[in-house]
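Computed from a prediction, not measured in an experiment: that's the story for all the values here. Chain letters run A, B, ... following the sequence lines, proteins first and then strands; every chain starts at 1.
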Protein chains: 2
Amino acid sequence: MLAKSSTELVRQKNSVLVLTALRRHGPLAHTELSDFTKLSSATVSVITTDLERAQIIEKAEQQAAGGRGRPRVLFSQRRDCGYLIVVIISSDAVQYSLVDYAGRLIDRFTEERQQNVSGVGSFVTGLRDALNRIVARSRLSRDKVLMISISSKGLVESSEPVLRWSPIFGREQIDFAAVLHDEWSAKVILGNETQLVAAAVGRQEENKKGRDFRALAALSLGHSIGLGIVRRGEEGKHEISAPNFGHMLHMSGGGLCRCGSRGCIEAYAGFYAILRAAFDVPLDTIPAKFVPIAELDKIAASARQGSRRNIIAFRQAGLALGIGLSRVLSLHESMPIAITGPGTRYYDLLLEGISEGLAESHVVRMEGMPELRVMADEPTLVFDGHLNRALAMMDEDIVRSGVVAELNSQTG
Amino acid sequence: MLAKSSTELVRQKNSVLVLTALRRHGPLAHTELSDFTKLSSATVSVITTDLERAQIIEKAEQQAAGGRGRPRVLFSQRRDCGYLIVVIISSDAVQYSLVDYAGRLIDRFTEERQQNVSGVGSFVTGLRDALNRIVARSRLSRDKVLMISISSKGLVESSEPVLRWSPIFGREQIDFAAVLHDEWSAKVILGNETQLVAAAVGRQEENKKGRDFRALAALSLGHSIGLGIVRRGEEGKHEISAPNFGHMLHMSGGGLCRCGSRGCIEAYAGFYAILRAAFDVPLDTIPAKFVPIAELDKIAASARQGSRRNIIAFRQAGLALGIGLSRVLSLHESMPIAITGPGTRYYDLLLEGISEGLAESHVVRMEGMPELRVMADEPTLVFDGHLNRALAMMDEDIVRSGVVAELNSQTG
DNA sequence: CTAAATTTCTCGACTGTCGAGAAAAAAATC
DNA sequence: GATTTTTTTCTCGACAGTCGAGAAATTTAG
């Protein structure tokens with residue numbers, strides 16, 4: 001059954017509304033808050049004083065007194081209200097970032113991952129270690145860290161921070177909540193990397209199109225293939241999901257994939273698959289663990305100079321992507337596709353196959369070709385996605401936790 | 001930006017909550033309403049008296065006075081509060097049902113569709129005609145009809161009642177809102193047939209499992225192939241969608257489909273496809289417009305007696321379904337699959353192929369085989385799905401329309 | 001006929017939003 | 001420098017919603 005509603009909930013929702021406005025548009029004055037949220041000035045007053053008393057937002061110290069009239073006082077998040085640690089796990093390194101409540105980067109370092117030591121056990125100790133280090137370095141109390149946001153390629157559980165499968169650890173699952181809950185009171189969330197790219201691009205898209213934005217897919221090309229989908233739900237909330245696209249079946253009984261199955265999309269469009277095709281290695285050869293990008297650059301260069309076999313290798317990869325995307329569009333509505341990742345440098349070679357694959361399906365014939373868009377700088381998008389998601393969640397959690405209401409009742 | 005919240009909205013939501021409880025559990029007394037909705041007795045009182053004053057619900061006249069204490073008075077929907085017309089379009093007929101606000105069937109008739117006259121124009125005049133007839137027969141004022149709920153196989157728009165593509169009318173689109181708005185003030189909604197099956201089965205499932213229910217897919221087997229997906233969104237609302245599954249690409253460059261594309265799932269698993277395979281007709285033969293089920297029964301009978309070719313025909317159909325489903329599960333989470341439609345009578349012959357197709361994919365190897373379940377009596381499920389969806393919408397619309405609040409302010 | 005049980009209704013307290021107008025504070029004007 | 005204008009913020013009273021507690025209603029048991 002659905003949950004009942006109450007006046008308290010109304011207040012919570014509207015408080016989140018104020019915090020969200022602050023997040024999206026930076027420091028805002030009373031009047032602007034009222035404009036953005038459509039709440040009356042009086043309500044904004046009550047909410048801001050509550051949030052201020054709870055030490056969640058603060059009035060900016062100084063501001064240029066432009067224009068006449070009573071000068072506006074800008075509200076902004078209190079940076080020390082809480083902290084977020086972002087952990088980005090990639091195949092060769094793990095990046096740790098400490099971010100304050102206002103979204104400002106405080107500290108960051110990267111740990112190389114040894115290619116040989118690949119057990120989950122050693123990874124976890126490394127993770128715990130690095131997390132301890134990053135709070136120690138900035139001399140923060142660890143309970144000021146309200147959230148730890150982790151991302152990896154692979155298959156993540158939607159409701160719990162459990163990594164089900166990843167190209168790095170294979171079927172060795174990691175339950176990050178279980179691993180960290182003894183040392184950390186922070187909430188632990190996990191996202192697929194491309195899911196977070198989708199979140200970031202989706203936010204950009206909404207800023208541009210406003211209410212017209214409906215859905216968007218992000219496709220990440222690299223050693224493995226990732227897909228993230230973001231859709232505007234009712235009430236304008238963005239719902240993000242991470243389909244297991246790279247390991248969706250492309251061709252029954254097809255080439256061997258790193259995951260152990262046969263015929264996955266990745267086994268045709270991943271870097272190792274392109275390599276395999278270019279060198280005419282049999283399709284059931286165990287794929288290379290890691291392919292240096294220089295290797296692929298060479299293949300691409302010769303393809304661009306007319307090498308038949310290499311052109312076909314890229315074309316076949318594009319085809320697998322295009323057909324796979326057409327299947328995605330069959331199952332959802334048609335939507336624009338943002339392509340990121342290191343593989344975008346071969347976009348010219350992939351495009352033909354992608355288009356051809358897409359064109360084959362009924363949906364595309366009905367609705368027309370979806371918009372394809374290349375977005376470089378995947379790492380920035382991933383980080384932005386982390387911030388978007390984690391900080392929005394923090395806002396909600398803080399309001400829901402009741403600190404605001406409690407303080408309020410004490411002071412009368 | 002998200003929408004602001006207010007006390008009015010709270011009331012609306014809680015009113016809908018009361019109406020929903022009434023829908024799901026039949027006539028209820030004050031106390032039971034309070035239990036189901038978790039609202040306090042006082043709040044239930046206010047809401048019910050408002051709804052009663054607005055002539056949306058009423059107290060039951062008579063009831064058996066079992067047990068001691070003050071006898072409970074049961075509330076139920078006023079049947080004359082509004083009416084719903086359900087239109088179920090199938091390939092050979094169109095069924096019209098008139099239903100009152102409490103969900104009781106008042107009138108029903110079926111119009112055969114001539115196989116030869118297949119233009120959209122003549123269909124639309126037939127539709128308008130039949131709608132007029134059904135209100136005339138029951139002597140209702142047409143503005144008492146608050147909603148017209150239509151279903152068809154094929155591709156429907158999610159936000160508007162527009163039929164984008166259907167096996168019956170092909171690419172000739174029908175915008176039902178445009179077609180009916182001059183004669184009817186009722187809200188017109190359109191759903192894919194299997195989407196409504198999913199809605200009905202999803203409701204059953206939730207009654208059984210409660211909060212454990214997460215998602216479910218309904219697969220309809222027949223001349224064409226349909227898929228509906230229902231998922232529990234946050235706040236417990238069911239989100240239903242109708243992927244274009246039948247025309248998702250099964251095999252690149254494969255058999256010719258009725259839709260004009262090649263290699264659709266339907267071109268392997270639809271009735272005509274099974275027929276085509278059984279008689280070894282070339283895959284690019286224009287598929288039969290309609291296959292009598294007796295024909296397929298014969299093929300099935302001989303398959304069950306060991307006919308190699310016919311066994312393979314069904315197995316290939318199952319394989320297309322299984323592989324397609326595996327792709328669906330790759331893109332969503334794993335979920336149980338309810339199979340309906342006339343094709344279920346060949347389930348024994350299809351099962352092997354379905355299982356094999358599912359087993360091939362990465363997800364199934366990870367999460368295990370999804371639960372498969374055969375549900376006969378598709379027509380009842382479709383109709384139930386219509387009622388579930390349309391009546392729930394009517395409840396919301398009525399509350400949101402403000403009749404309750406208005407009356408309230410007048411009478412003070 | 002009275003007591004017990006059970007359901008429904010009512011009242012006052014509390015919390016929320018809103019519109020209007022008062023208060024604050026700086027620039028413009030005389 | 002005093003006054004007016006302009007702009008922003010704050011405050012007050014009205015109104016709407018939920019809740020808990022207890023009163024009122026009504027039937028059965030004894």
Side-chain angles (χ1 to χ4, degrees), chain A residues 3-18 27-35 37-53 57 59-60 62-75 399 402 404-412, chain B residues 3-18 27-35 37-53 57 59-60 62-75 399 402 404-412:
Chain A
K4 72 174 178 182
S5 208
S6 67
T7 53
E8 273 173 77
L9 259 178
V10 170
R11 178 51 147 286
Q12 284 184 9
K13 281 204 169 178
N14 286 340
S15 299
V16 168
L17 214 56
V18 167
L28 294 178
H30 185 108
T31 330
E32 296 164 312
L33 280 175
S34 171
D35 286 352
T37 59
K38 313 288 178 206
L39 292 169
S40 77
S41 167
T43 306
V44 172
S45 258
V46 180
I47 290 177
T48 49
T49 50
D50 276 11
L51 290 175
E52 205 181 351
R53 181 157 40 204
I57 64 173
K59 290 178 174 149
Q62 281 294 72
Q63 57 244 347
R68 61 181 178 178
R70 180 171 174 174
R72 30 180 65 183
V73 312
L74 299 178
F75 290 101
V399 168
V404 191
E406 275 169 37
L407 272 184
N408 209 22
S409 60
Q410 281 167 26
T411 333
Chain B
K4 72 174 178 182
S5 208
S6 67
T7 53
E8 271 174 78
L9 260 178
V10 170
R11 176 51 148 289
Q12 285 185 8
K13 281 203 169 180
N14 287 340
S15 299
V16 169
L17 214 56
V18 167
L28 295 177
H30 185 110
T31 331
E32 297 165 311
L33 279 175
S34 169
D35 286 351
T37 60
K38 313 288 178 207
L39 292 169
S40 77
S41 166
T43 305
V44 172
S45 259
V46 181
I47 290 177
T48 49
T49 49
D50 277 10
L51 290 175
E52 207 182 348
R53 181 156 41 204
I57 64 175
K59 289 179 175 150
Q62 280 295 69
Q63 57 244 345
R68 62 181 177 179
R70 179 171 174 175
R72 28 181 66 186
V73 311
L74 299 178
F75 289 99
V399 168
V404 191
E406 273 168 38
L407 272 185
N408 207 24
S409 60
Q410 281 167 27
T411 333

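Taking five base pairs at each end of the helix from dC1(C)-dG30(D) to dC30(C)-dG1(D) and finding the rotation axis that steps the C1' atoms of four pairs onto the next four gives two axes whose angle is 30°, to the nearest 10°.
A close approach under 4.0 Å does not occur between any side-chain nitrogen or oxygen of Ser6(A) and OP1 or OP2 of dT18(D). At the phosphate of dT17(C), neither OP1 nor OP2 sits under 4.0 Å from any side-chain N or O atom of Ser40(A). The phosphate of dT18(D) (OP1 or OP2) has no side-chain N or O of Thr7(A) nearer than 4.0 angstrom. At the phosphate of dG16(C), neither OP1 nor OP2 sits under 4.0 Å from any side-chain N or O atom of Asn14(A). In this structure, Lys38(B) does not reach the dC19(D) phosphate: none of its side-chain N or O atoms is under 4.0 Å from OP1 or OP2. Phosphate proximity of dT18(D) to Arg11(B): present, with a side-chain N or O under 4.0 Å from OP1 or OP2.
Between Phe75(B) atom CZ and Thr48(B) atom OG1 the span is 4.0 Å, to the nearest 0.5 Å. We find the CG-NE2 distance between Asp35(A) and His30(A) to be 10.0 Å, quoted to the nearest 0.5 Å.
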Write down the protein N/O and nucleotide N/O pairs, taken from nucleotides 22-26 of chain D, whose separation is under 3.5 Å; answer none if there are no such pairs.
unit_1: dA25(D); atom_1: O4'; unit_2: Arg70(B); atom_2: NH1; d: 3.3
unit_1: dT26(D); atom_1: O2; unit_2: Arg70(B); atom_2: N; d: 3.1

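Between Ser34(A) and Ser41(A), the closest heavy-atom pair is OG-N, 3.9 Å. Across all their heavy atoms, Val46(B) and Arg11(B) have their closest contact at CG1-NH2, 2.8 Å. Summarising the geometry of Ser6(A) relative to Val10(B), their closest heavy-atom pair is O-CG2, 3.6 Å, with the distance given to 0.1 Å. In this structure, Thr7(B) and Thr7(A) approach most closely via the heavy-atom pair CG2-CG2, 4.1 Å.
Thr31(A) comes within 4.0 angstrom of sugar-phosphate atoms only, judged by non-hydrogen atoms across all strands, and of no base.
Atom CG of Asp35(B) and atom P of dT6(C) are 14 Å apart (whole Å).
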